[in-house]
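Below is one structure, written out as structure tokens; the observations come after it.
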Amino acid sequence: MKTRRNFIKSSAFGAMGVITTSACSSEKNNPPRATENLVRKPTVISTWNHGMQSNEASWKIIESNGTALDAVESGVRVVESDPTGHSVGIGGAPDRDGKVTLDACIMNHQNKCGAVAFLENIENPVTVARKVMEETPHVMLVGEGAYRFAREQGIPHQNLLTAESEKMWKEWLKTSQYEPEINVENHDTIGALALDRFGNLAGACTTSGMAYKMRGRVGDSPIIGAGLFVDNEVGAACATGLGEAIVRVAGSAVAVELMRAGKSPQDACEEVINRIMEKHDDLENIQVGLLALDKFGNVGAHSIYENFNYALTRQDRHELVDSPFKISY
Ligand code: ASP
């Protein structure tokens, strides 16, 4: 269960100016709508409670005039490197064979993107995803090839299965009959979206995937358009929850397209959630949460079930926010 908290730590988030639309170049191709808040507000949002620690690292970069891309990478790396979290990076729940396999992607304001999937023994898959984007002609590397590439880039080998995760997996094996279990509580990807003070958007998404998944299973998180999508002319979106459900509707890409068509980030997220609900006859254990951020820094969130939350950070705010949802438990 998530701890549902709302708090503000404004003192830690010092003075930083907002940027008016006149400072940004993309408007001529994509004029602002009458109802929009036309001031660009540097903003970081990210999924779940661990978004607070992620946003804290991201904001340090934003407020020192860094890029949204650096901000999201640095933020989610903190969560990847935290061994106490069981859904991302080191300490992540393994697959049903007891192996921790990680998925991640990253996307910048120029629609450049990189991803890794089914990656083992590397603590920060988001950094490998960024290197795929920047150092190769490709978008995604998987498995052994992704691992070899990471090592060639000087990234160290790291055992990701902690004693605690191993113990939990062995407990699970006793009753599982080796069946991967889908459960509303056994996943918690970190997806992060940022708008920097240059008016540029970026996003990152990283996960150990569904706990005790089948070996080789990859969800939405490293799939550009499903777990993450960024279009600097419009906005960005990311997803968490049952990856199979998110992939089926290309959740993040659709959220961005709905914003392009004039929906607010909030309405775009709700529409994607509606679409997922329409496509599934049985919603038991299908939790999905969507986050969206438009090019002005307006944010939206929605989920199927209650208990989805996200961290929101701006110059005067650093708080955990409960998402609107469709179904309460
Ligand atoms: N979306 C992830 C996946 O399906 C799980 C999560 O959100 O934690 O792999």
Side-chain angles (χ1 to χ4, degrees), residues 1-2 45-51 54 76 79-80 82 84-96 99-107 115-120 125-126 129 140 142-143 146 160 165 168 180-193 203-229 237-255 269 272-273 276 279-280 283 285-292 301-311 323 325:
M1 275 299 177
K2 305 287 160 303
I45 52 174
S46 60
T47 54
W48 304 111
N49 292 0
H50 51 203
S54 178
V76 303
V79 181
E80 288 178 336
D82 178 357
T84 64
H86 298 304
S87 53
V88 180
I90 189 165
D95 65 16
R96 64 185 191 176
K99 311 267 192 216
V100 181
T101 71
L102 303 180
D103 305 329
C105 71
I106 194 161
M107 191 162 187
V116 289
F118 194 46
L119 175 61
E120 294 179 68
V126 72
M140 179 182 270
V142 305
L160 301 176
S165 304
M168 289 164 68
E181 181 188 334
I182 293 172
N183 173 309
V184 290
E185 290 296 336
N186 71 0
H187 45 75
D188 268 1
T189 293
I190 178 128
L193 308 173
C205 190
T206 177
T207 190
S208 53
M210 200 62 60
Y212 319 129
K213 59 197 174 186
M214 290 177 72
R215 183 138 182 85
R217 180 266 186 189
V218 172
D220 62 307
S221 304
I223 309 291
I224 296 295
L228 174 70
F229 198 69
C238 64
T240 179
L242 182 65
E244 285 76 0
I246 298 160
V247 169
R248 286 182 70 192
V249 301
S252 294
V254 166
C269 289
V272 172
I273 293 298
I276 292 170
K279 303 286 180 196
H280 290 84
L283 288 169
N285 283 324
I286 301 185
Q287 170 65 311
V288 171
L290 251 290
L291 290 186
H302 215 90
S303 61
I304 299 179
Y305 290 96
E306 67 180 309
N307 281 344
F308 174 48
N309 57 10
Y310 65 97
S323 167
F325 55 88

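Every heavy atom of this structure was used, including side-chain atoms; hydrogens, water molecules and symmetry mates were not. Atoms within each ligand, like the ligands themselves, are counted from 1 in listed order.
- Looking at ligand 1, you won't find any N or O of Ile246 less than 3.5 Å from one of its N or O atoms.
- Between Asp103 and ligand 1, no N or O atom pair is found at a separation short of 3.5 Å.
- Heavy-atom minimum distance, Ile106 versus Ile224: O-CD1, 4.1 Å.
- Every atom of ligand 1 is numbered from 1 in the order shown, and the set under 4.0 Å from a heavy atom of Ser221 is 1 (N), 2 (C).
- Of the candidates Thr240, Leu290, Ile273, Thr240 is the only one forming a side-chain contact (heavy atoms from CB on, under 4.5 Å) with Phe308.
- Within the listing of ligand 1, atoms 8 (O) sit less than 4.0 angstrom from a heavy atom of Thr207.
- Contact atoms of ligand 1 toward Asp188: 6 (C), 8 (O) (distance under 4.0 Å to a heavy atom of the residue).
- Close approach to Thr240 involves these atoms of ligand 1, each under 4.0 Å from a residue heavy atom: 6 (C), 7 (O).
- With hydrogens and angles left out, the side-chain atoms of Thr101 and Glu120 include no donor and acceptor closer than 3.5 Å.
- Ser54 approaches Ile190 most closely through the heavy-atom pair CB-CD1, 3.6 Å.
- The Gly209 neighbourhood of ligand 1 comprises atoms 9 (O), with distances under 4.0 Å to a heavy atom of that residue.
- Proximity of Arg217 to ligand 1, defined as any heavy-atom pair under 4.0 Å, is confined to the side chain (atoms from C-beta onward).
- Taking Arg248 as the reference, Lys279, His280 meet the side chain to side chain contact (heavy atoms under 4.5 Å, CB included) condition, with sequence neighbours excluded.
- Residues passing the side chain to side chain contact (heavy atoms under 4.5 Å, CB included) test with Ser221, sequence neighbours excluded: Thr189, Cys205, Thr207.
- Checking only distances, Asp220 does come within under 3.5 Å of ligand 1, N or O to N or O.
- Assignment of Gly241 to the shell around ligand 1 is supported, since a heavy atom sits closer than 4.0 Å.
- Taking every heavy atom of both residues into account, Ala93 and Tyr212 meet most closely at CB-CE2, 4.3 Å.
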